[in-house]
Colleague: 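Mind having a look at this structure? Questions to follow.
Quick caveat: nothing in here was measured; it's all calculated off a predicted structure. Numbering of ligands and ligand atoms starts at 1, following listing order.
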Amino acid sequence: MAAKRDYYEVLGIDSKASESEIKNAFRSLARKYHPDKNPGDGEAESKFKEIQEAYAILSNSDERKNYDMFGHDRPGGSPFGSSGFQGVDISFDDLFSGGFDSIFSQFFGGSQRNASRGSDLLVRHMVPFQAAMDGADDEMEIEALRECSICSGTGSSKSGGSKECPSCRGRGRIDEISMIGPFRQRVRKECSPCRGSGRIVSDPCKSCMGRGRSLQTNRVKFSVFPGIISGTRLRMKGQGETPNLVNGEPGDLYIEIEVEPHPWFERDGSDLLMSLPLSFADLSLGTTVKIPHIDSNTLEIVIPAGSSPGETISILGRGLPSNRSKTRRGSVIAVLKLQLPSKQSRSMTKKIKEIRDQMEKELPPIEKRIRDEASSRRNS
Ligand SMILES: [Zn+2]
Ligand SMILES: [Zn+2]
């Protein structure tokens, strides 16, 4: 096996690179090597994994410090556990929306940074199908633990209603010694009894019971972009839960969008698939079907004479906007079906019998038809 490459080298950055340089390098490389862009390319796939691993370490300040000190041979073995880094599924969309941040921030759950951060929240939200065409500005109500508005997050019912925290003696932090392999490391932690503030509330706020945060309902506004697909998570930075600790940062809110189904279209990315049930006469003689469409222009589907059920008709540029290139639209693809009336008048039956006799004469013999059908199926 080839020697493991240096993480900075993998991302093509300097060892002094800033957080945003690391992120930008990761984002552009990940777009280049994403499996969606390189289907079936094993080399791109292992590159993609290598980039992810480098980013997982270098984007985490504690892990980066360890790596800078020890390189790949750190005491205690791989930070990803005994089986090493396994790779993560990141959707191409997440690379644009920044949704990958939360994926990587979960890797090293015990780190100090996470402890002082409020929880991320995930809510699901349904949008009408039309939003996938036009995009939409939307809003919803979120109930979350937020800073208590009565005591402004202090937890105290009156100003000065607190005393020095005995656990940390007012410092807000406590030091713990822990071992990393043979090394003693001093870890500084936020003091939990006083939530890092150094003060203990003696007269707690009645609204939040001295916790400094309470369940509150907020209105959140957000935009759905054209071409959005179900499962896309919109990230609202800082709109998650207020942290338990006084000096922490709030978590993020993720809104997972679900697009309502359309009465007749199925989606295949930006293409729209539909069945078009037609009478025998329309298939035989050809026709033009006009139906209302999501782009508010009438959709005209031209069926040529002599069409057969199962054939498809594609109308380019009338599907949904592609979420990778806003100006391009997919196609509408109509699958032709044959629909016969469930009841037939006697006179119609008589006419169809006549047609059948004539048609039998114009079609090749049945065995040839079967053979032709089978060979075209095998060649397609
Ligand atoms: Zn309060
Ligand atoms: Zn304390």
Colleague: Working to the nearest 0.5 Å, report the span between NZ of K23 and OG of S18.
Modeller: 11.5 Å
Colleague: Checking Q130 now: which residues fulfil side chain to side chain donor-acceptor pair (under 3.5 Å) with it, not counting sequence neighbours?
Modeller: D134
Colleague: Please round to the nearest 0.5 Å and tell me the distance separating atom CD1 of I229 and atom CG of L320.
Modeller: 11.0 Å
Colleague: Just wondering, do V259 and V224 contact through their side chains at under 4.5 Å, heavy atoms?
Modeller: no
Colleague: List the steps, then state whether side-chain contact (heavy atoms from CB on, under 4.5 Å) holds for R318 with N297.
Modeller: CA-CA 10 Å; R318 297 297 295 279; N297 294 319; 3.6 Å; yes
Colleague: Atom CG in L121, atom CD1 in I255: separation rounded to 0.5 Å?
Modeller: 10.5 Å
Colleague: Determine the interplanar angle of the H34 and F92 rings, folded into 0 to 90°, and report it as parallel if under 30°, tilted if 30 to 60°, perpendicular if over 60°.
Modeller: perpendicular
Colleague: Around the Zn ion (ligand 2), how many protein N, O or S atoms are there at under 2.8 Å?
Modeller: 4
Colleague: What distance do Q216 atom CD and C148 atom SG have between them, rounded to the nearest 0.5 Å?
Modeller: 6.5 Å
Colleague: With the Zn ion (ligand 1) as the centre, enumerate protein N/O/S atoms below 2.8 Å in chain and residue order.
Modeller: C148 SG, C151 SG, C205 SG, C208 SG
Colleague: Could you identify which residues cluster with M348, counting Ile, Leu, Val, Met, Phe, Trp and Tyr as linked when any side-chain heavy atoms lie under 4.5 Å apart, either directly or through a chain of such contacts?
Modeller: I352
